[in-house]
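One structure below.
Only a predicted model underlies this, so the values are computations on that prediction, with no experimental measurement involved. Residue numbers run from 1 in the order of the sequence given.
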Amino acid sequence: MENREGRPADERVIQAPDRGLLHVWPSGGGTEQLFSETVLLSRPVVQVSLGEHHGVLLAQGGQVFSFGELSWRGLSVPVSAPVLEASLLGRTVVYVAAGGFHCGVISEQGSVYMWGENTAGQCGQTERAFVTNIT
């Protein structure tokens, strides 16, 4: 499929008006229209990872933000106002990942930090089976 400029759609260059927009769509259907939602952060986002009903954003400089259904915190955070993962302040994160109901990051020093649902040891706490949610 080609766009109006004659280039394949997957090679389109994002123009300035699209910067700062996160494109989202509801799950389960594929018939619903894609829409844009502005995410206002103090720094540009360099990586995004999505879980089942949540996501994590890595901002330039290593700050991490979360949005969506954060069941381990009892929160529902709109994508337009992600929350800073304050427990990671002082650590420069270089990679973020989201699993079904948990998240993980790798710091510049090579440390791994995990949080979220831990019912099957997803957060690396298998010896503490009674720990179901870690923040």
Side-chain angles (χ1 to χ4, degrees):
M1 171 181 247
E2 291 189 2
N3 62 17
R4 289 183 214 142
E5 292 86 27
R7 290 186 300 229
D10 59 348
E11 292 181 11
R12 282 181 273 172
V13 176
I14 297 175
Q15 300 300 319
D18 285 345
R19 288 185 175 204
L21 295 179
L22 178 63
H23 298 278
V24 297
W25 58 95
S27 63
T31 60
E32 299 179 34
Q33 291 291 326
L34 180 72
F35 64 94
S36 299
E37 192 161 338
T38 303
V39 177
L40 300 174
L41 294 177
S42 58
R43 298 171 183 208
V45 173
V46 295
Q47 187 194 357
V48 176
S49 185
L50 302 175
E52 189 74 23
H53 297 284
H54 70 287
V56 288
L57 306 171
L58 175 60
Q60 192 173 54
Q63 290 182 322
V64 177
F65 295 82
S66 295
F67 63 89
E69 299 300 320
L70 311 180
S71 58
W72 55 91
R73 285 187 173 173
L75 294 175
S76 179
V77 178
V79 66
S80 59
V83 295
L84 177 66
E85 291 295 340
S87 62
L88 295 170
L89 287 175
R91 296 168 178 89
T92 302
V93 172
V94 295
Y95 185 80
V96 297
F101 299 95
H102 59 286
C103 302
V105 300
I106 299 175
S107 75
E108 190 173 53
Q109 296 76 26
S111 298
V112 175
Y113 299 91
M114 302 289 297
W115 67 96
E117 184 181 301
N118 189 53
T119 54
Q122 302 95 310
C123 296
Q125 298 292 324
T126 57
E127 71 280 358
R128 293 173 30 188
F130 63 90
V131 178
T132 58
N133 290 317
I134 299 174
T135 55

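With a 4.5 Å cut-off on side-chain heavy atoms, E85 and V56 do not count as touching. Residues Q63 and L89 have side chains in contact (heavy-atom distance under 4.5 Å, counting atoms from C-beta outward).
Listed by chain and number, the residues in a side-chain contact (heavy atoms from CB on, under 4.5 Å) with V45 are L41, V48, L57 (sequence neighbours excluded).
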Validation: residues 103-112 side-chain donor-acceptor distances under 3.5 Å, sequence neighbours left out:
unit_1	atom_1	unit_2	atom_2	d
S107	OG	Q109	N	3.3
S107	OG	Q109	OE1	3.3
S107	OG	G110	N	3.4
S107	OG	S111	N	3.1

Quiz: residues 91-100 side-chain donor-acceptor pairs under 3.5 angstrom, not counting sequence neighbours:
unit_1	atom_1	unit_2	atom_2	d
R91	NE	Y113	OH	2.9
R91	NH1	S87	O	2.9

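Ring orientation note: the planes of W72 and H54 are nearly perpendicular, at an angle over 60° on the 30°/60° scale.
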Check the pair F67, L75 against side chain to side chain contact (heavy atoms under 4.5 Å, CB included), reporting the backbone distance first and the verdict last.
-> CA-CA 9 Å; F67 63 89; L75 294 175; over 6 Å; no
